[in-house]
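Chain naming here is simple, since letters A, B, ... match the order of the sequence lines and numbering starts at 1 in each.
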Number of protein chains: 2
Amino acid sequence: MTRRKKGRTTIADVAAEAGVSPITVSRALREPARVSEPLRKRIAAAVQALDYVPDLHARALASARTNVVGVIIPSLTNSVFADVLRGIHDRAEKTDLQVQFANTRYSPQEEERLIRLFLSQSPAGLILAGIDQTAAAAEMLRAAKLPIVQIMELGPDPFDMMVGLDQPAAGRAMTEHLLEAGYRRIACLAARLDPRSNRRMAGYRAVMAEHGLDDDSLVVQTKAPSSVRVGCELLREIVAQRPDIDAVFCNNDDVALGALFECQRMGIAVPERLAIAGFNDFEMSAAAEPPITSMATERYEMGVTAMDMIAQTIAGEPPEEKVVDLGFHLCARASTQPRAGARPERQPAPKKSAARTTRVREAR
Amino acid sequence: MTRRKKGRTTIADVAAEAGVSPITVSRALREPARVSEPLRKRIAAAVQALDYVPDLHARALASARTNVVGVIIPSLTNSVFADVLRGIHDRAEKTDLQVQFANTRYSPQEEERLIRLFLSQSPAGLILAGIDQTAAAAEMLRAAKLPIVQIMELGPDPFDMMVGLDQPAAGRAMTEHLLEAGYRRIACLAARLDPRSNRRMAGYRAVMAEHGLDDDSLVVQTKAPSSVRVGCELLREIVAQRPDIDAVFCNNDDVALGALFECQRMGIAVPERLAIAGFNDFEMSAAAEPPITSMATERYEMGVTAMDMIAQTIAGEPPEEKVVDLGFHLCARASTQPRAGARPERQPAPKKSAARTTRVREAR
DNA sequence: GGCCAAATTGCTAGCGCTATCACGAATCTT
DNA sequence: AAGATTCGTGATAGCGCTAGCAATTTGGCC
C-alpha cells in the first residue's frame with residue numbers, strides 16, 4: 001500500500017543532526033564500543049530527537065544478514081508446540097532476533113518446501129521439529145552455514161544443534177511406572193501418528209515385550225489429531241476390544257482427559273477399575289478429578305534453550321554442548337494409584353536421557 | 001552469520017539466462033499479465049533452471065512496501081488466540097503475505113511499543129486485538145495509511161476494519177440462558193481481566209440487574225491468567241463465599257472445566273446442585289462429563305476473515321463491509337440442564353450482534 | 001500509407017544501509 | 001625519536017530489486 005516513503009527518517013538525517021557521517025551512526029547503533037563516548041551520546045540524542053528507527057530491510061540487504069530466525073514446526077493447534085513457541089518468542093524478545101513461524105501440518109514434503117523457502121532468505125538461524133526431515137531437506141541443511149536447532153527429541157546425527165528429550169525412554173519410563181504400580185494389561189492409545197508419539201509407543205512396546213505382555217490388541221491408534229474427543233473415542237474402542245485391560249497409557253494428555261471423561265460416562269472407576277496415564281503434563285491434568293498421572297516435559301524451556309543456542313552461536317560463542325537433553329519427569333498422581341500388593345517403585349537403571357529425569361509422586 | 005552472499009542467484013542472472021532485461025523478469029514475476037506470453041515462458045524456464053528465489057529484503061527496500069502483516073495479540077498461551085492465529089496463518093499461506101507475530105502480555109504500553117515498532121517497518125497490514133489501545137497508539141494507527149483489522153470484539157469507532165463479536169451481548173445471552181433454565185443465584189467466575197472477559201461480565205451483570213439478582217458477592221475474579229487450576233480455585237472460593245449459588249458462569253472454558261473438576265472433588269452434583277457454563281466452546285467442553293454448556297465463538301474464522309480483509313484491501317478491492325460481526329452461538333449441554341419447572345426457552349429479542357447468533361441444544 | 005493509441009520492453013536512478021578500505025591522530029615499541 | 005601499531009572516523013561502492021518514465025513495437029483506423 002505505502003508508496004514511496006517520502007518522510008522516513010534515515011540514518012543520514014540522524015548523521016546530519018549529530019554532525020557526523022552516516023557510517024558512524026550505523027556503528028554507534030550496532031557496535032557502540034567502536035565509537036567514542038562523546039559521539040555516541042550526540043548520536044543517541046539525535047536518534048531520540050528524530051525518533052529514528054532503522055530499516056531492517058535495508059540493513060538486511062546491505063549486510064546480507066538478517067535477524068530472522070525461522071521456526072518450522074508441525075502444528076499450532078497442539079498446545080505442545082504452543083508452549084515451545086512461547087519460549088521461543090519470549091527469548092527472542094530479549095535479543096534482537098525476530099521469529100518467523102511456519103507450520104508443516106505434519107507433512108515432510110511441506111517441511112522440505114518451507115526449509116527451502118526459509119534458506120533462500122538467508123535467515124540468522126533455523127529451528128526445526130524432530131529428526132525426520134526428507135533426504136533433500138537434510139542435504140540443504142547440512143550445506144547451510146547457519147545455526148540450526150532441532151527440537152522436541154534427540155537423535156544420533158544432528159545437523160547442528162539439538163535440544164529435546166529421549167522420547168523412547170520417556171515411553172519406557174511411563175510403562176515401567178504402570179508395571180511397578182501393579183498394572184499388567186496396559187493398553188496404549190495414540191492419536192495422530194506424530195513421530196515423537198510413535199517413539200514413545202516404541203518404548204512402551206519394548207517394555208511390554210520385555211515382560212512378556214506386549215500384544216497388538218492392546219494398541220489403538222487413529223490418524224486424527226490428538227484431542228479430548230479422540231480420547232473418548234479411543235477409550236470406547238479399546239474397552240470394546242479388550243474389556244480386560246487395567247490401565248491405558250495415552251500418548252498425550254488431551255487424549256488421557258478424554259479417556260477419563262469417557263470412563264466417568266461409562267461408570268468405569270479410575271483408577272480402581274482402570275488406571276489412566278497421559279503424556280506432556282498439561283496444566284489441566286493435575287487439576288482433574290482424579291488427577292491424571294503424566295510425564296512432564298520441558299516444552300517452554302525447550303523453546304528458550306533453542307533460541308539461546310542460536311543467539312549464542314550468532315554472537316560467536318557457540319554453546320559447548322551441541323546436544324541438550326532436557327529430560328522428563330514422571331508426575332505420578334491418583335489416576336495410577338499403585339494397586340494393593342504392587343511392589344514399591346524402585347529407582348530405574350540410569351538411562352541415556354535420564355540425566356535430568358526425576359520421579360515425583362504428587363500429594364493430592 | 002552469512003557474509004557477503006557471493007553465490008546468490010539474482011534477478012540479473014535470470015534475465016541473462018532468459019535473454020531479457022532484469023526489469024522484465026521482475027514484472028513477469030509480479031505482474032505476469034504485463035509480459036507477453038513467450039517471454040513469460042522463457043523467464044519461467046530460466047527461474048526454474050537457476051532455482052531463483054527473489055530477495056524479499058531487496059524487494060521491500062526498492063518498493064517501500066512489504067508483504068508482512070503484523071499481528072499483535074495479548075497472549076500465545078490462551079488457546080483462544082492460538083485458534084485465531086491458526087486462521088491467520090492458514091489464510092496467509094494462500095496469499096503471498098507473511099505473518100509477523102508479537103504478544104503484548106495484556107499490557108497496553110507494550111502494545112503501543114509494538115505498534116510503533118511494526119509501523120516503522122511499513123508492514124502491508126496490521127491485525128490487533130480489541131479496542132483498548134492507548135491514545136498514542138490510536139493516533140499512530142489513524143494516521144497510518146495501511147489496512148488495519150481489529151479482531152475479537154466490536155466497537156464504535158474502528159481505525160479501519162473490524163471482525164469479531166459483540167462480547168457484552170454474548171455475556172447477556174449466556175446469562176439469559178441460565179435464567180431461562182431456571183437458575184437464579186448465578187455466580188460469575190473470571191480469570192485475568194481480559195477486556196473481552198470484562199465486557200461479557202458487564203453483560204452478565206446487566207441482565208442480573210434487570211432481574212433484580214445482581215450482587216457483588218456473586219462475582220469472583222483473579223488476576224491470574226485463565227486456566228483449569230484457576231477454575232478449581234475460583235469455584236472453591238465462590239462456594240465458600242456464597243454456598244447458596246445454583247449456577248456459575250465462567251468467563252472461559254478452562255475455568256469452567258476446573259470448576260467441574262472441583263465440583264466432582266467436593267461432591268457437588270452438576271447440574272443438579274450446581275450448573276456450570278463456560279465460554280468459547282473449547283473442544284474439550286463437549287467431551288466432558290457432563291458436557292459443559294458454552295458459547296461458541298468463531299475464532300478460527302475470525303483469523304481467516306481478518307487476513308482476507310487485509311488481502312482484499314491490498315489488492316485494491318476493500319471489503320464492502322468494514323465491520324464484520326461473526327456472532328456467537330449457545331451450545332446448551334447437560335451442565336446447565338433446565339430445572340424442573342423452568343419456563344421453556346424463548347427466542348430472545350434480536351440484538352445488534354445477534355445476526356448470526358443461533359441457539360443450539362446439543363443432544364448427548 | 002500515415003498517424004495515434006495501446007501494448008510491450010528497457011533504461012536510469014535510486015531505496016537505506018553497511019563492508020571495505022583509507023586516512024589522520026593517538027598510543028606504543030625498542 | 002622514528003617507525004609500528006592501534007584507534008576513531010569518513011569516503012566509496014555497492015547489496016538486489018523496482019518506480020517512473022522513455023523507447024520501441026504492434027495494431028487499428030481513416
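Here the nucleotide nearest the side chain of A/Arg65, chosen from C/dC17, C/dG10, C/dA19, is C/dA19. Residue B/Asp55 places its side chain closer to D/dG16 than to any other of C/dG16, D/dG10, D/dG16. Checked against D/dT18, D/dG16, D/dA11, the side chain of A/Ile23 finds its nearest nucleotide in D/dA11. Side-chain proximity of B/Ser36 to the nucleotides D/dT18, C/dT9, C/dC17 is greatest for C/dT9. Nearest to the side-chain atoms of B/Arg27 among the listed nucleotides D/dT18, D/dG16, C/dT9 stands C/dT9. Checking C/dC17, D/dC15, D/dT9 against every side-chain atom of A/Leu61, the shortest atom distance belongs to D/dC15.
A/Pro22 comes within 4.0 angstrom of nothing in the nucleic acid, heavy atoms only. Residue contacts shown for A/Arg30 are limited to sugar-phosphate atoms, with no base heavy atom under 4.0 Å away.
In this structure, the CD atom of B/Glu31 is 16 Å from the P atom of D/dC17, given to the nearest Å. D/dC7 atom C1' lies 9 Å from atom CZ of A/Arg34, rounded to whole Å. Computed from coordinates, the B/Leu56 CG to D/dC17 P distance equals 10 Å when rounded to whole Å. Distance A/Arg8 CZ to C/dG14 P: 19 Å, rounded to the nearest Å. The distance from atom CD of B/Gln121 to atom P of C/dG16 is 12 Å, rounded to the nearest whole Å. The nearest whole Å value for the distance from the CD1 atom in A/Ile11 to the P atom in D/dG14 is 20 Å. If you measure from atom CG of A/Leu29 to atom P of C/dG16, you get 16 Å, rounded to the nearest angstrom. Summarising the geometry, the separation between CD1 on B/Ile43 and P on C/dG10 is reported as 8 Å, rounded to the nearest angstrom.
Distances shorter than 4.0 Å separate some side-chain N or O of A/Thr24 from OP1 or OP2 on D/dG10. Within the 4.0 Å cut-off from OP1 or OP2 of D/dT18, not a single side-chain nitrogen or oxygen of B/Ser63 is found. Between A/Ser26 and the phosphate of C/dT18, there is a side-chain N or O to OP1/OP2 separation shorter than 4.0 Å. A close approach under 4.0 Å does not occur between any side-chain nitrogen or oxygen of A/Thr10 and OP1 or OP2 of C/dG16. Between A/Arg59 and C/dT18 there is a side-chain polar atom (N or O) within less than 4.0 angstrom of OP1 or OP2.
Under a 4.0 Å N-O distance rule, the pair B/Asp194/B/Arg196 qualifies as a salt bridge. Ion pair A/Arg91/A/Glu301 not flagged as a salt bridge, since none of the NZ, NE, NH1 or NH2 atoms sits closer than 4.0 Å to an Asp/Glu carboxylate oxygen. Salt bridge status for B/Glu111 with B/Arg116: absent, with no side-chain N to carboxylate O gap under 4.0 Å.
Side chains of B/Glu112 and B/Thr134: a donor-acceptor N/O pair is present below 3.5 angstrom, by distance only.
No hydrogens or angles were tested; on distance alone, nothing pairs the side chain of A/Arg40 with the base of D/dG8 as donor and acceptor under 3.5 Å.
In this structure, CD in A/Gln150 is found 9.5 Å from CG in A/Asp132, a value given to the nearest 0.5 Å.
DNA chain C is contacted by both B/Ala58 and B/Gly19; B/Gly19 maps to the nucleotide lying nearer its 5′ end (nearest heavy atom per residue).
Aromatic ring pairs are classed by plane angle as parallel below 30°, tilted from 30° to 60° and perpendicular above 60°; the pair B/Phe81 and B/Tyr106 is perpendicular.
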